[in-house]
Colleague: 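Sharing a structure, written as structure tokens. Questions coming.
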Amino acid sequence: MNIQYHETTKTFHLYNDSISYLMTILKNGHLGQLYFGKRIRDREDFSYLLEQCPRPMTACVYDTDRTFSLEHIRQEYPVFGTTDYRQPAVEIRQQNGSRLCDLTYRSHTVTSGKPRLAGLPATYTEADDEAKTLCITLEDTVTGIQADLSYTIFAKGGVLARNVRFANNGAHSVQLTRAMSLCLDLPDHEYIWQQLSGCWARECHIHTRTLEPGVQSIGSMRGHSSHEHNPFLVLKRKTTDERQGEAIGVSLVYSGNFRIQAETDAHGTLRILAGIDPETFTWKLDCKQTFQTPEAVLAYTDKGLNHLSQTFQKLYQRRLARGFWRDRPRPILNNNWEATYFDFTEDRLIEIAAKAKECGVELFVLDDGWFGARSSDNAGLGDWKPNKDRLPNGITGLARRIEALGMKFGLWFEPEMTNKDSDLYRAHPDWILSTPQRSQSQGRNQYVLDFSRAEVVDAIYAQMADLLNSASISYIKWDMNRSITECYSSAWPADQQGEIYHRYILGVYSLYERLTSKFPNVLFESCASGGGRFDPGMLYYAPQGWISDNSDAVERLKIQYGTSMCYPVSSMGTHVSVTPNHQVFRNTPLHTRANVAYFGTFGYELDLNKLTPQESEEVRKQITFMKQYREVLQYGTFYRLKSPFDNNEAAWMTVSSDQKTALVGWYRILNCVNGCFTRLRLEGLCPDYRYRNSRTGLFHYGDELMYAGLITSDETAGQLPPDITPYTDFESRVYVLEVMDA
Ligand code: DGJ
């Protein structure tokens, strides 16, 4: 890995074994983009990559050069309003009303490692030789605004992390009205755009489209990254598939309002922008103050989508997630939400927990309803004190009883919310986000606390810390069940109201930071009505997240498959729940529910007492299986093999780092008769290793399994003989492949 600056041609070349990123200082001092893609050898002069020609109807920067129009030059951080009519990366409103600025090169530095971002989640290094960082300082002399463009190239993987820091060195305050984290101008638009979109209970479905002239975008204006669009974009070539071909990934390490967009111009070039949503953002930058954008992560591969995903998964698992639980197999949990909803007593919880323990569960999680006056979703949020009617011995007593059973204890919170029927709201009605003289919209009967105010965050921290100090709590599920409306804070002046959405997220991050630092061994699971805020920002604080409230195994195939495009298996909260399923009322076999949930953190979302003795026995075996293989399942290299979006079958697999163990999940949605022979061509195995197939007992070399395939056909390819237990819809298997001799 290296960062090279060629003085004679004013060219920056960032490269490692996989990628090259090239920029140049243009003749007007702005930064031009030359190349991003597969590694090319370094040399002094790449100026031929800067294509310019005179075009009609073009506004030019210089009287004497009809070729120099920013409209037709690929740039690194384009400004608003001067010869470029595409959407800019930055806009700065000044006191005279102008929004023009002229960010020109001043200096640059190269350092080893990667600096932290103040107050924001970001990828990091643990040793200086893991990455190098280039910081290019641009300056607008009229306003005195400085922009530090930061590029970190990691030694391993085709990945680059970017952010921008603004400083006001001038004499007047300005308003940043747009401050994107990343701009990437590409020379052509021959890509398929792929996004992860959906809604509550249908998160991260894969959608694709061709790029047409104009702007296409995904984003959120809800105050959180949202169920609707994940802050992640893939651009793939038309011939790219899971196993081969070029693709670029853009991921934003941010949990609030965002926008990722692509603009195809009239001459076929493509501008990608990613950052805080400009529609809902302004930031007053006073003299001597700074503003830090979130980080955007850019990845490139020429080896297909699985490889692109693995690049993100590995980076996010090892150098975005942090702390005690980052590399540890996750505890198998039993959450009481779908077992009881709000209807529980301490004894009832102990009954559920005791059975869970008997089956081998390691962590019992008490979900919503344990605090304040909460017996439905009408009351109690904000009062983080145990409800003594339900829990006479408080959380301390309950945790003690759970631990006496031989399990760890976990607890649900929704720290950012309050109900009007709560002591917190009665004492501080001005602590919610709401606009004066306007109605206050509720969502699930609750209101959003004004986390842009330090005293509000302090008060919630104090309550949570008290509880964590007073009881043995090993896990926290941090929920968030409504979007922001009427966003306004009574604590901030009129000219800073455009900052509130971002300040809110900064408040959320600061609470996470304080809690995770003070209680470093507690495992945090993020949640926002399922996957409403499942994003890289959250992953920095909470190494796992509840990816969806939809716990149906068939629905989960799509959700987990889509989520894996960017996120590691170790980050995906996956539970076995009851049938008929509570969201889609579908009956799936118990083994299929587990076979899907194994590829995640794994747990149960039901009262195991309600199972038959045979089912309990099956659960015991599932838990034993998960304990044996969770290290590989959660931390192995993950491959998608067959998409549930296109087939009646879905499949994926994970391979241990020594390639001696692999687990293949195979799922058939609807049953069939007289069907096709089916096989899966596996990936990531060692061709020379001899693997034993756990289902057949037969041995196969890795090359056979990868090139000839693993046979998945069963008796449904034909007419089922009378002595075979009939298959039903939603059949599935997990194949364990283990090397017996290497
Ligand atoms: C939404 C979450 O996604 C559920 O798992 C559960 O915790 C409920 N909230 C509780 O209100």
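When reading the values below, keep in mind they use all heavy atoms of this one structure, side chains included, and skip hydrogens, waters and symmetry mates. Computed from a prediction, not measured in an experiment: that's the story for all the values here.
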Colleague: Should R74 and L186 count as side-chain neighbours, where that means a heavy-atom distance under 4.5 Å?
Modeller: no
Colleague: Do Q261 and R259 have side-chain N/O donor and acceptor atoms under 3.5 Å apart?
Modeller: yes
Colleague: Who are the side chain to side chain donor-acceptor pair (under 3.5 Å) partners of R55, not counting sequence neighbours?
Modeller: H267
Colleague: Applying side chain to side chain donor-acceptor pair (under 3.5 Å), name anything that partners T123, two or more places apart in sequence or on another chain.
Modeller: K114, E295
Colleague: With sequence neighbours left out, write down each residue that passes salt bridge (Lys or Arg N to Asp or Glu O under 4.0 Å) with R503, or none if nothing qualifies.
Modeller: E499
Colleague: With no hydrogens and no angle check, just 3.5 Å: does a side-chain donor-acceptor pair link S483 and H224?
Modeller: yes
Colleague: If the condition is side chain to side chain contact (heavy atoms under 4.5 Å, CB included), which residues does A167 pass it with, not counting sequence neighbours?
Modeller: Q146, N169, T290
Colleague: Which residues pass the side chain to side chain donor-acceptor pair (under 3.5 Å) test with K38, not counting sequence neighbours?
Modeller: D302
Colleague: Extract all donor-acceptor atom pairs below 3.5 Å that involve side chains of residues 177-185 and protein atoms in other chains or at least two apart in sequence.
Modeller:
unit_1 : atom_1 : unit_2 : atom_2 : d
T177   : OG1    : E91    : O      : 3.3
R178   : NH1    : P88    : O      : 2.9
R178   : NH2    : Q87    : OE1    : 3.4
S181   : OG     : P294   : O      : 2.8
D185   : OD1    : R271   : NE     : 2.8
D185   : OD2    : Q75    : N      : 2.7
D185   : OD2    : R271   : NH2    : 3.0

Colleague: Just to verify, what does E242 make a side chain to side chain contact (heavy atoms under 4.5 Å, CB included) with, not counting sequence neighbours?
Modeller: L305, N306, Y561, M565, R640
Colleague: Is there a donor-acceptor contact under 3.5 Å linking the side chains of R116 and Y124?
Modeller: no
Colleague: Mind checking salt bridge (Lys or Arg N to Asp or Glu O under 4.0 Å) for R162 and listing every partner two or more places apart, or none if nothing turns up?
Modeller: E76
Colleague: List in chain and number order the residues that pass side chain to side chain donor-acceptor pair (under 3.5 Å) with D140, two or more places apart in sequence or in another chain; answer none if no residue qualifies.
Modeller: T143
Colleague: For D495 and Q175, does a side-chain donor sit closer than 3.5 Å to a side-chain acceptor?
Modeller: no
Colleague: Roughly how far, to the nearest 0.5 Å, is the CG atom of L235 from the CD atom of E190?
Modeller: 12.0 Å
Colleague: Please identify each residue that fulfils salt bridge (Lys or Arg N to Asp or Glu O under 4.0 Å) with R93, with sequence neighbours left out.
Modeller: none
Colleague: Who are the salt bridge (Lys or Arg N to Asp or Glu O under 4.0 Å) partners of K236, not counting sequence neighbours?
Modeller: none
Colleague: Could you check whether any side-chain heavy atom of F599 comes within less than 4.5 Å of a side-chain heavy atom of W652, counting everything from C-beta outward?
Modeller: yes
Colleague: Quick one: list whatever passes side chain to side chain contact (heavy atoms under 4.5 Å, CB included) with Q289, sequence neighbours left out.
Modeller: L285, D286
